[in-house]
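Here is the structure we will look at, set down as structure tokens.
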Amino acid sequence: MRGALKLVLLLAVAALAAPASAAAHGGPIQRTPLPLDPILFAWGAAAVLVISFAALALLWPQARLQKPSWRPLPGLGPVLGSRTVEALCGLIGVALLAILIVAGYVGPDSAADNLVPTFIMITFWVGLVVLSLLFGDVFRAFNPWRAIGRAVGAVVGRRGPTRRPYPEQLGRWPAAAGLVMFTWIELVGAWADRPVTLTNAIVGYTVVTLAAQSVWGVETWTRRGEAFSVYFNLFARISPFETRDRVVGVRPPLAGLPQLDPVPGTVAVVMVMIGTVTFDGLSQGALWNSVGPALQDAFTWLGASVAAAPKLADTIGLLAAVGFVSGFYWLGMEGARSVGGNLSADRLRRTFVHALVPIAAVYVLAHYLTYLLFEGQAIQYLASDPFGQGWDLFGTASAAIDFSLISQNGTWYLQVGFVVIGHVAALILAHDRALATYGQASQAVRSQYWMLAIMVGFTMLALWLLRQAGA
Amino acid sequence: MLAALLVGALLTVAGCGGDDGSSEDPVSRVPEEGGLQEQVRAASSPDAADFPSADGKTLNQLAEEVRGGGSTEVGLATSVFTVGKDRLAFGMIDDQGQFVYGPTAVYVAPTPDDPAEGPFVAPADVLVTEGRYRSRQAAEEGDPFAAVYQSQVPFDQKGPWAVLAVTRSGNTYLAAPAQVQVNTKKADDVPDVGDPAPKVATDTLESVQGDEDLLDTRVPPSDMHRNSFDDVVGSKPVALLFATPQLCQSRVCGPVTDIALQMKAKYGDEMEFIHQEVYVDNDPQAGLRESLSAFNLRTEPWLFVVGADGRITARLEGSFGLSAFEDAVKTAL
């Protein structure tokens, strides 16, 4: 029909012309199926753990990580650890904090367009975990609150308020509480959707941190009470890099964790780290989508508003997830106590808690991988125009998210890989600590039956959560 | 120190003023590959003088005159037409299934043998948003719908109307027929400009009991679900968008939710932007959500712009680009 256009065919042709009919056929949203049945992955992961356990029992007869080697990084070590670099990093951290606060108040009131939600929830909260795992305690260097505290301390000197001794029983409990509050803001309050609210939280946290520093000292509060310092420091202990006496050096990977001082609250911090990610995964799945609404209905029936009921239900879920993880660990340690050695369950919990840090790390990596890789790319255009003024400071303001960075199958393989590696690392740490604690290799191995059960349990939980989130 | 930095940054911001990026030419965001950007640029400013006059000719005679390629098709992006001037939106699709871009106009007549009216130019309205507002769905679209043609066409009587869309390609034309059904205003039950907007509840995170998957099929989800429509309508201007980014069944839906996000960045201080998914539980077989039924909608997407007095100031059906969306928003400001 190349010649005259026969409009008499209009009626036939018109059938294809229409906007999308709302009566179209299809099914609910389907995600790409995973490459293999997740149950197979779970069994495979459990098998890897059991084999690793057996290999450790046979091939790792003596504790090796309790007093790890350390050697300075040739050339760069003293430079990276110098006061000049520390001051420079601190200054950058303070400038970033200032930029964030201004961006939060001056920038667009939209989570997608404001620098603060992306920077805090992805670049900082997830990205810094990766940097800590790779390069050590990066946050300590860039920590703006520590930098401000030290600068103020240097200026005020002895004229400042008298420092009080930090209560031993407080330990890392303030950090645990801080992490619960932050994850509540992230997962329950959804403050990331409201840049100004999130910025208010940053300002509030800054005030509280500086006040606590003035009472108990900058370094003490940073080491014990400041939530993010404690959080990132725990991950940094997995890294092969460590600073000693102002020199950056190299140690065996994981070797920083056995040096962890298990002061009160340390177990709580690790439980919060694992439990809150557990809730995040759980909240995206079918189980919570049936339990959560029922809880909300119950709260509404009790008089809570429609707006408050979901937050109350999610708060319960968040705390329950932390409680569940804690209970699981508690049970495992009760079991380990039964092998003898006259160790209390409380001491066992503190003795082995460092072994769970790699699990916390892989929970973060596996659960937030796509979040970091995809949504995290937004930082390139947000940073180029931090205050939403139409700037293009780095020439990246018109950048877009590259969604082809990794396939769904690739993501799944990476996530499973992280989970398995993290749990094997945890087994290594626990086995090494058991050798040092029990003295006898046979008793150490028997105590680790329980730790193996914990690891298999956490592995299954991690894979189930990933499946829930992707189902 | 922190205070000094804060003050400095605030002064810098205040001193520098701002540029909201509105001056950027949207066509510049269309990919350049294969000359697409150039084609869309030409398509965005058609001149009626480039098309044959309809004086005294029937639609069939015009079709004969332009000798268009018979395998070109029109993909209509609008379906609701009433007597009077209507927005006719469409895409031109060649025999390879590719979208065709060039200066375009339409002619209409009640039947192909009636005298034609036209040409009514149909400038291409760009659908490609700034990178930051591009969803995964839009980013992964293999053959993106870069621009939609839209024309204001007068239909002076109800009934079927024949349409001839003509796209200029060099010295030749590509033409394709279509047919639309025009109803009386009275027969159109979708709320129109000047009508009070139905005060319906739209979904928020609370109403879906925290299940984000039910709230938004866009990846990543947008932040246009903060408030329910019935909570804000009548107190401030609102742009209410009914769309389902993941489940749209047509090639000409266009990334309207992405465009809404870009508009929100520009006008969000003056207007509430609300996105409402279309299907119950995001399952097309489960029927339409209540809010669509309240608006008597049978197609998607739809945009309703509502003034602070609660009356509709603009409505757009089907695919609409940045220009149409922005013009609609401005009617309520």
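Reminder, nothing fancy here: chain letters follow the sequence lines and each chain counts from 1.
Of the two parts of A:Phe374, only the side chain, counted from C-beta on, holds a non-hydrogen atom closer than 4.5 Å to a non-hydrogen atom of chain B. Residue A:Ser110 touches chain B through both its backbone and its side chain, counting heavy-atom pairs closer than 4.5 Å. Contact annotation for A:Asn289: only side-chain heavy atoms (C-beta onward) come within less than 4.5 Å of a heavy atom of chain B. In this structure, the portion of B:Ser135 lying under 4.5 Å from any heavy atom of chain A is its backbone and not its side chain. In this structure, chain B has heavy atoms under 4.5 Å from both the backbone and the side chain of A:Pro293. In this structure, the portion of A:Ala399 lying under 4.5 Å from any heavy atom of chain B is its backbone and not its side chain. If you measure heavy-atom distances from B:Tyr133 to chain A, the contacts under 4.5 Å come from the side chain alone.
Annotation: side chain of B:His225 is not in contact with side chain of A:Asp193 (no heavy-atom distance under 4.5 Å).
In this structure, the separation between CD on B:Gln137 and CZ on A:Phe403 is 8.5 Å, given to the nearest 0.5 Å. Taking CG from B:Leu205 and NZ from A:Lys311, the interatomic distance works out to 7.0 Å, rounded to the nearest 0.5 Å. Here the straight-line distance linking atom OG1 of A:Thr370 with atom CZ of B:Arg136 works out to 8.0 Å at 0.5 Å rounding.
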Self-check item: Stepwise side-chain contact (heavy atoms from CB on, under 4.5 Å) test for A:Gln296 and B:Glu206
Solution: CA-CA 10 Å; A:Gln296 291 177 38; B:Glu206 285 80 22; over 6 Å; no

Quiz prompt | Audit row: B:Lys264, A:Asp113, side-chain contact (heavy atoms from CB on, under 4.5 Å) steps and yes/no | solution = CA-CA 10 Å; B:Lys264 179 174 181 281; A:Asp113 289 307; over 6 Å; no

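Nearest approach of B:Arg226 to A:Pro195, heavy atoms of both residues: NH2-CD, 3.9 Å.
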